[in-house]
Amino acid sequence: MRRLAIVLLMAAALAGVGSARSGTAQASVPPTDTSSPADTAVPDTDATLAPVDVLQVTGLFNGIVIDAIDRAIERAVEGGSQALILQVNSSGSIASPAELQALIQRVADAPVPIGIWVGPSRSARLYGTPAQLMGVADVTAMVSGSRMGYTGSFVELENGRAVDCGAAANDRVVNDSLSFQEARTLGALRLDTPDVGVPTIRSMVLAMDGVVADGKTLDTVSEGVNDEGGAELSSTLVKFSKLGLVNQLMHTMASPPVAYLMLLIGLALLVFEFFTAGVGVAGVVGAVCAFFGCFGLAELPARGWAVGLLVLGMVAFAIDVQVGIPRFWTGVGIVFTILGSWFLFEDLPGASLRVGWITLLVGIGGVMLTFIVGMPSMVRTRFATPTIGREWMIGELGTAVGAVDPEGLVTVANARWRARTNRATPVAAGEVVRVVAIDGVTLEVEPETGGARDYREQRTASES
């Protein structure tokens with residue numbers, strides 16, 4: 001099993017290397033406007049029209065996303081595309097200010113026209129410094145219901161060019177957000193669109209037909225004559241691209257809920273492996289999960305002291321796991337886990353990175369279930385010894401080292417044993433106890449007098 005796990009990990013790593021580059025998918029976009037599908041014929045793709053590239057960007061902007069945009073610009077230039085559209089849905093950025101300034105500068109100076117479309121759903125957002133891309137892109141549009149803003153102070157560009165989201169919108173977007181209707185009214189969108197906005201990427205490509213961007217007139221739809229002498233419309237070829245497998249994996253790990261759950265799962269599995277013999281699948285999987293969790297936390301604005309609380313919580317859980325009984329330290333671990341989970345991430349401008357309620361319930365509830373029920377039972381089963389050969393202890397007398405209420409230590413036959421009461425009546429320190437049963441390495445005891453069953457009957461029952 002261990003060899004199989006290692007082989008699978010190596011195979012996944014080799015497969016990821018081969019898919020590091022972004023994949024592309026091609027699709028023709030038939031021209032349509034507000035007509036119903038039944039009223040509009042689907043035209044063919046015109047091979048004479050230069051293609052339009054579309055890069056899908058979701059989640060927080062980080063180094064992986066910035067690199068993907070850089071490579072998308074290079075591919076558009078090398079492939080002779082007439083434009084590059086960034087389909088964006090992002091609540092902010094975790095990249096450094098220098099990286100974002102360089103990205104905004106590259107988009108402003110790109111040799112190919114660049115369009116930004118905030119979509120595809122009505123809940124799409126473009127917040128934080130990445131929203132400044134709306135002020136340098138050649139064509140910008142939004143889905144009705146989407147929002148953009150919280151740009152912060154505009155970065156300074158070279159060659160005297162400035163980030164401009166529209167004279168009336170520049171002051172608003174710094175510390176506030178704009179809906180599609182507000183952005184359209186204030187002139188923040190560089191595309192003449194109806195009140196319904198640009199609902200699909202198909203509409204975005206078609207609306208760009210005839211738009212002058214970066215000194216070039218975009219031509220996404222052409223009109224010709226068919227064999228019957230009627231008008232025939234042809235559309236440009238649209239090439240979609242997104243992050244490659246490995247980049248998408250690392251980008252996903254840098255999201256708050258995934259990084260949080262990966263860290264908890266990894267730490268819990270490592271604690272589990274610590275109390276088992278040898279290095280098995282749990283240890284390998286735990287190390288991989290902990291690695292991904294640490295990678296995500298390193299990318300995100302995580303509070304160091306909150307991460308420390310999560311780690312200390314696992315240490316506290318481990319103290320009680322080794323005795324197989326949830327006690328004081330289990331409570332400490334629960335408190336540390338709750339506090340660390342709640343305050344783990346700092347918020348971004350206009351967007352909260354606090355872990356959602358469902359994720360919190362899964363993370364905290366899973367940890368509590370693991371260390372209150374699962375791990376103690378596993379440890380008792382794993383390290384318990386059979387009672388064969390110890391039946392002679394049933395009925396023997398001993399002395400309580402401390403109070404047994406309901407658990408404690410007793411001395412029987414000059415040896416100390418873990419014990420718990422067989423009745424609700426506690427046993428005080430120094431009192432004489434009688435062994436009535438054995439559960440693994442734990443003795444069930446009761447006071448010498450007033451026992452529920454005579455020890456001779458207990459011994460006779462066990463011998464029979």
Exercise for the section: Could you check Val271 against Leu267 for side chain to side chain contact (heavy atoms under 4.5 Å, CB included), going step by step and ending with a plain yes or no? Expected result: CA-CA 6 Å; Val271 172; Leu267 293 177; 5.6 Å; no
Completion exercise
Which of Phe336, Trp329, Phe317 passes ring pair (Phe, Tyr, Trp, His ring centres under 6.0 Å) with Phe371? Answer is Phe317
Practice task
Kindly determine whether Arg303 and Glu346 satisfy side chain to side chain contact (heavy atoms under 4.5 Å, CB included), including the steps that lead there.
Solution key: CA-CA 7 Å; Arg303 295 184 174 95; Glu346 299 177 0; 3.8 Å; yes
Practice task
May I ask you to check whether Thr252 and Ser255 show a side-chain donor-acceptor distance below 3.5 Å?
Solution key: no
Practice task
Take Met134 and Leu189 through the side chain to side chain contact (heavy atoms under 4.5 Å, CB included) test and state the conclusion after the steps.
Solution key: CA-CA 8 Å; Met134 299 282 282; Leu189 302 180; 3.8 Å; yes
Problem - Gly135 backbone acceptor or donor facing Arg190 side chain under 3.5 Å - result: yes
Problem - Donor-acceptor contact present, side-chain Asn62 to main-chain Val65, <3.5 Å - result: yes
Problem - Ile104 CD1 to Leu133 CG distance, which is reported to the nearest 0.5 Å - result: 5.5 Å
Exercise for the section: Without swapping roles, check the side chain of Ser81 against the backbone of Ala83 for a donor-acceptor pair under 3.5 Å. Expected result: no
Exercise for the section: Measure the acute angle between the ring planes of Tyr127 and Tyr150, then classify it against the limits of 30° and 60° as parallel, tilted or perpendicular. Expected result: perpendicular
Handout entry: Close side-chain approach of Ile265 and Phe292, heavy atoms under 4.5 Å
Key = no
Practice task
Could you tell me whether the side chain of Asp138 and the main chain of Gly115 form a donor-acceptor pair under 3.5 Å?
Solution key: no
Problem - Side chain to side chain, Thr129 and Gln101, heavy atoms closer than 4.5 Å - result: no
Problem - Residues Glu182 and Arg172 bridged, charged N to O under 4.0 Å - result: yes
Problem - Gln56 (side chain) donor-acceptor with Lys242 (main chain) under 3.5 angstrom - result: no
Practice task
For the pair Arg106 (side chain) and Asp70 (backbone), establish whether a donor and an acceptor sit closer than 3.5 Å, ignoring hydrogens and angles.
Solution key: no
Practice task
Apply the test side chain to side chain contact (heavy atoms under 4.5 Å, CB included) to residues Ser121 and Val143: give CA-CA distance (whole Å), side-chain angles for both, the deciding distance (0.1 Å), then the verdict.
Solution key: CA-CA 7 Å; Ser121 65; Val143 173; over 6 Å; no
Exercise for the section: For Asn89 and Gly119, indicate whether the former's side chain and the latter's backbone hold a donor-acceptor pair under 3.5 Å. Expected result: no
Practice task
Specify the closest pair of heavy atoms between Val112 and Leu84, including all atoms of both residues, with the distance to one decimal.
Solution key: CG2-N, 4.3 Å
Handout entry: Side chain to side chain, Phe343 and Leu309, heavy atoms closer than 4.5 Å
Key = no
